[in-house]
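Some notes on the structure that comes next.
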Amino acid sequence: MTLRLYDTATREVRDFVPLEEGRAGVYVCGLTVQSEPHVGHVRSGVNFDVLQRWLRHSGYEVTFIRNVTDIDDKILAKAEAQGRPWYAHAAVMKRELDRAYAALNVAPPTYEPAATGHVPEMVELIETLIEKGHAYAAEDGSGDVYFDVRSWPAYGELTSQRIDDMEAAEDADPRGKRDPRDFALWKGRKPAEPATASWPSPWGRGRPGWHIECSAMAGKYLGSAFDIHGGGVDLRFPHHENEQAQSRAAGHPFASYWLHNAWITTAGEKMSKSLGNSLTIPSVLERFRGIELRFYLVAAHYRSHVEFSFEALEESAAGFGRIEGFLDRVGGAAEVEKGALPQAFADAMDDDLGTPAAVAVLYDAVREGNRLLQAGDAAAAREQAGAVRTMLDVLGLDPADPAWSTGSRDAGRADALTTAVDVLVRGLLDQRAEARAAKDFAAADAIRDRIKAAGVEVEDTPDGPRWSLGNTGSTV
RNA sequence: GGUGGGUUGGCCGAGAGGCGAGGCAACGGACUGCAAAUCCGUCUACACGGGUUCAAAUCCCGUACCCACCUCCA
């Protein structure tokens with residue numbers, strides 16, 4: 001089976017046929033670095049990270065671009081509210097975003113272009129659009145440049161909408177637009193805005209519109225035609241529709257496939273910066289490990305709406321614990337040699353990144369491995385573990401991946417702490433072993449209870465007792 | 001008004017005409033001094049009303065409810 005992907009533009013699952021054999025160019029809309037990232041933002045990062053990993057695993061040489069929008073109205077507003085330059089605010093938020101991605105083992109893209117670093121490319125693209133008659137400078141002297149929606153008959157094709165059916169934005173500030181649906185390619189500088197937030201252009205100082213950023217950056221790093229463009233569903237319109245219109249009107253074929261990940265909502269409402277109900281990554285990470293959050297996100301299909309809850313995350317983490325438990329029992333994930341990927345897993349992934357079915361295959365292998373372990377067939381169990389580790393690795397969930405520890409600044413201390421606890425717990429377990437040998441079970445159980453009260457679970461195995469941090473996780 | 005999506009067992013969450021996804025929880029059994037962990041088993045669901053079909057959770061028609069986008073948004 002070959003990879004098949006659901007293309008939003010055609011609304012069907014299609015075979016993935018790259019423009020150039022063996023290579024895949026992917027552009028994903030990153031974030032506007034204006035506030036702390038929340039679970040929803042990171043879902044997109046994780047979903048497309050899985051796509052990237054699967055493409056790589058399938059043998060593609062992948063160029064993966066994820067941009068950063070580091071200048072926009074909200075950044076300017078928030079920076080001003082906090083009394084610091086907009087670029088300082090953007091830089092701080094960018095760092096938060098990087099931490100969040102690292103905490104969830106989202107691999108860095110091949111390039112991560114920032115909008116402010118590509119203004120000349122944007123100006124050039126706008127000039128091309130004006131030359132071709134698809135854009136015009138506002139006649140009201142604002143310095144704005146708009147895309148002429150009526151000049152591009154295909155406008156609306158990505159989201160199958162007709163211009164005449166679209167609601168004209170209420171705030172459609174006419175500002176010299178020929179049609180209220182025309183959108184800004186370039187925004188002339190407003191007197192109240194800081195001088196540093198504007199760049200010179202043929203139309204006077206100003207800054208780029210949001211949509212043109214992605215068109216220019218995708219073109220620069222992936223060429224005028226590329227394979228996959230991704231982002232969240234909300235971006236379909238207007239952002240992606242506009243990107244496609246601009247790029248095609250300028251003569252570039254642009255993306256062959258459009259992939260959109262669905263939302264994560266909380267209490268039925270979408271997580272949004274403006275609603276302020278965000279579940280920021282740092283706050284979730286106080287209660288769950290990054291690998292658990294990633295597993296929770298990967299276990300749902302990327303096109304399915306997820307209703308976030310800590311209860312569901314808790315259940316998911318419990319399930320992941322069973323996978324980790326198996327790897328531990330077999331000698332520790334790091335000691336397991338990665339094996340071949342089960343065909344059923346590959347088939348699931350090839351089917352529009354069917355991670356739920358893939359995870360089911362993962363659990364089948366874990367159960368079989370545990371069964372073999374119980375039957376005393378350690379060699380066969382290790383083989384299953386090898387498959388398990390490979391599957392986890394493809395999903396970015398390999399517990400032995402150093403990314404999980406280096407992401408934390410406290411990793412070194414945590415290791416030291418584990419060693420210290422190990423020595424202490426082992427001392428107690430030795431006492432318990434003596435008590436058990438003497439059939440003094442009351443004393444043995446008392447010791448186990450003391451250990452458990454400290455949050456450490458003990459399990460007896462044929463090779464002696466093992467301890468682990470119990471599910472102290474959160475009681476919600 | 002236009003566009004797109006959803007409603008699945010106690011819960012989470014797949015599937016998309018026949019074949020019990022998977023996970024969590026619960027219960028029973030095996031194992032254990034007792035636990036824990038693990039394995040085996042039980043729990044046979046697809047919003048509602050029609051229709052098509054030998055066969056429908058899946059296709060068609062209708063109804064209800066929910067959500068997203070059309071404005072900054074992953």
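We name chains A, B, ... by the order of the sequence lines, and we start the count at 1 in each one. Computed from a predicted model, the values in this text were never measured in an experiment.
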- Do the side-chain N and O atoms of A:Asn67 and A:Tyr111 include a donor-acceptor pair separated by under 3.5 angstrom? no
- Item | Salt-bridge contact A:Asp98-A:Lys94 (side-chain N to carboxylate O under 4.0 Å) | yes
Checking B:G23, B:G22, B:G5 against the side chain of A:Ala360 (C-beta onward), the nearest is B:G22
The nucleotide from B:C72, B:U38, B:A74 with an atom nearest the side chain of A:Arg322 is B:U38
In RNA chain B, consecutive runs of at least three Watson-Crick or G-U pairs below 3.5 Å, as range with range, amount to B:1-7 with B:64-70, B:10-12 with B:22-24, B:26-30 with B:38-42, B:47-51 with B:59-63
Per atom distances to the A:Asp460 side chain, the nearest of B:G33, B:A35, B:G4 is B:A35
Checking B:A35, B:C40, B:A74 against the side chain of A:Asp234 (C-beta onward), the nearest is B:A74
When you look at A:Asp72 and A:Lys78, which way does the salt bridge (charged side-chain N to carboxylate O under 4.0 Å, His left out) test go after all the steps? CA-CA 10 Å; A:Asp72 93 318; A:Lys78 294 209 172 178; over 6 Å; no
Among B:C39, B:G13, B:A74, the one nearest any side-chain atom of A:Val306 is B:G13
Check your understanding: Does some side-chain heavy atom of A:Asp7 sit less than 4.5 Å from a side-chain heavy atom of A:Glu12?
Key -> no
Per salt bridge (charged side-chain N to carboxylate O under 4.0 Å, His left out), A:Glu157 is matched among A:Arg11, A:Arg162, A:Arg248 by A:Arg248
Out of B:G23, B:G4, B:A74, minimum distance to the side chain of A:Ser44 belongs to B:A74
Quick note, A:Asn370 side chain, CB onward, closest among B:U38, B:C34, B:G5 is B:U38
Closest of B:C12, B:U38, B:G22 to the A:Gln374 side chain is B:U38
Just checking A:Arg450: does its CZ atom have more than 12 heavy atoms from other residues, nucleotides or ligands closer to it than 6.0 angstrom?
no
P gap between B:U7 and B:A14, integer Å: 9 Å
A:Arg432 has its side chain closest, among B:C72, B:C34, B:C39, to B:C34
